[in-house]
Amino acid sequence: MMAIKIVLAGPRGKMGTEAIKMIENESNFELVSCIDRKNNGKKLSEVIPSTALQAPIFEDPETCFSSVKADVFIDLTIPNVGYINTKAALEHSVHAVVGTSGFTDEQISELTKIAEVKGIGCIIAPNFALGAVLMMVFSKMAAKYFPDVEVIEKHHDQKIDAPSGTAVKTVEMIKEVREAKEQGHPEEYESVEGARGANIDGIHVHSMRLPGLVAHQEVVFGSKSQLLSIKHDSFHRESFMDGLHLAIEEVSKYKTLVYGLENILDLQ
Ligand code: NAP
């Protein structure tokens with residue numbers, strides 16, 4: 001079987017370095033180049049001493065996709081950069097797997113259009129940890145019976161976007177089944193702004209940022225004399241690699257954009 005040829009953006013980042021390890025340990029995957037805002041023209045091993053991979057580094061995504069033949073592009077950067085990279089990949093008919101969180105609805109719908117016109121798969125997954133995806137799926141199941149819900153997400157203090165993509169996605173999934181309702185006291189007010197967290201369509205989302213944390217979320221459902229908590233913890237970025245691996249293998253089966261790893265899992 002031919003190895004899947006991969007381009008990775010964000011190789012020096014925390015997720016990027018973990019992805020390089022995963023790719024290097026998978027005989028079916030081949031890293032053919034990287035996109036990085038630094039180190040144009042260098043080989044990956046010159047920049048990341050822990051790898052022997054010789055993939056060339058490009059600063060410009062257009063030049064990268066014009067120069068290298070690739071099957072799958074992976075983005076692990078920041079939203080605006082990830083959007084430009086992913087657009088370039090799809091326009092060059094390279095399937096895309098996006099782990100970068102924080103894309104706007106407009107960016108997602110623009111990428112969906114390009115993917116459909118080109119007939120190319122694009123998987124955007126705010127969370128690649130399979131346990132976290134199941135947490136979202138279980139939360140959706142619970143919300144049908146427990147409409148009073150709040151989300152607490154906790155991440156390391158270097159994360160720049162809040163709330164997390166996972167929290168936003170969880171709320172979106174809950175909204176699909178939850179009866180619309182105003183939670184809390186009808187005359188509730190904040191004596192300190194932000195005390196009740198973000199309010200996404202009536203569901204409160206609380207974001208904590210501390211050193212020592214990686215990626216954690218608890219979805220708490222309240223009802224008469226009972227609480228149901230659905231909780232997931234990623235203790236290391238290694239936890240995201242099972243889902244990333246799966247998405248790389250599956251993305252070429254799609255001809256459109258798929259948002260959320262749960263849509264490529266067999267959940268029957
Ligand atoms: P990180 O360590 O900060 O890495 C970010 C990477 O993006 C670095 O290589 C960084 O390069 C690059 N970058 C930042 N600003 C840039 C710019 N203006 N132009 C070009 N490159 C730029 O972050 P991380 O923890 O690896 O996370 C990367 C992304 O994945 C984030 O969006 C995060 O939310 C997301 N994430 C997703 C999952 C998932 O399961 N889907 C899990 C964890 C994280 P410099 O070093 O030069 O800044």
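Both ligands and their constituent atoms are indexed starting at 1 by order of listing. Numbers for residues simply follow the sequence, beginning at 1.
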The ring-ring contact (aromatic ring centres under 6.0 Å, His included) partners of Phe29 (sequence neighbours excluded) come to His245

Next item on the list: Could you identify which residues cluster with Phe65, counting Ile, Leu, Val, Met, Phe, Trp and Tyr as linked when any side-chain heavy atoms lie under 4.5 Å apart, either directly or through a chain of such contacts?
Entry: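 Reading the cluster by chain and number, Phe65 sits alongside Val7, Val32, Ile35, Phe58, Val68, Phe73, Val94.
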
Between Val149 and the options Thr170, Val219, Ile230, Leu228, the side-chain contact (heavy atoms from CB on, under 4.5 Å) test singles out Val219

Which atom pairs, donor and acceptor, lie under 3.5 Å between side-chain atoms of residues 140-148 and protein residues at least two apart or in another chain?
from, atom 1, to, atom 2, distance (Å)
Lys140, NZ, Glu176, OE1, 2.7
Asp148, OD1, Lys181, NZ, 2.8
Asp148, OD2, Lys181, NZ, 3.3

Once you restrict both partners to nitrogen or oxygen, which atoms of ligand 1 have a protein partner under 3.5 Å, and how far apart are they?
from, atom 1, to, atom 2, distance (Å)
ligand 1, 2 (O), Lys14, N, 2.8
ligand 1, 2 (O), Lys14, NZ, 3.0
ligand 1, 9 (O), Gly13, N, 3.3
ligand 1, 11 (O), Arg12, NH2, 3.4
ligand 1, 26 (O), Lys14, N, 3.1
ligand 1, 26 (O), Met15, N, 2.7
ligand 1, 32 (O), Thr77, O, 3.1
ligand 1, 32 (O), Ser101, N, 3.2
ligand 1, 34 (O), Ser101, OG, 2.8
ligand 1, 34 (O), Lys159, NZ, 3.4
ligand 1, 40 (O), Phe128, N, 2.7
ligand 1, 41 (N), Gly99, O, 3.1
ligand 1, 41 (N), Ala125, O, 2.9
ligand 1, 41 (N), Pro126, O, 3.2
ligand 1, 46 (O), Arg12, NH1, 3.1
ligand 1, 47 (O), Arg12, NH2, 2.7
ligand 1, 47 (O), Arg37, NE, 2.9
ligand 1, 47 (O), Arg37, NH2, 3.4
ligand 1, 48 (O), Arg37, NH2, 2.6

Modelled atom types, side-chain donor and acceptor of His232 and Glu218, under 3.5 Å: no

* Using a strict 4.0 Å threshold on nitrogen-to-oxygen distance, state whether Glu188 and Arg196 make a salt bridge. =>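 Looking at Glu188 and Arg196, the cut-off is met.
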
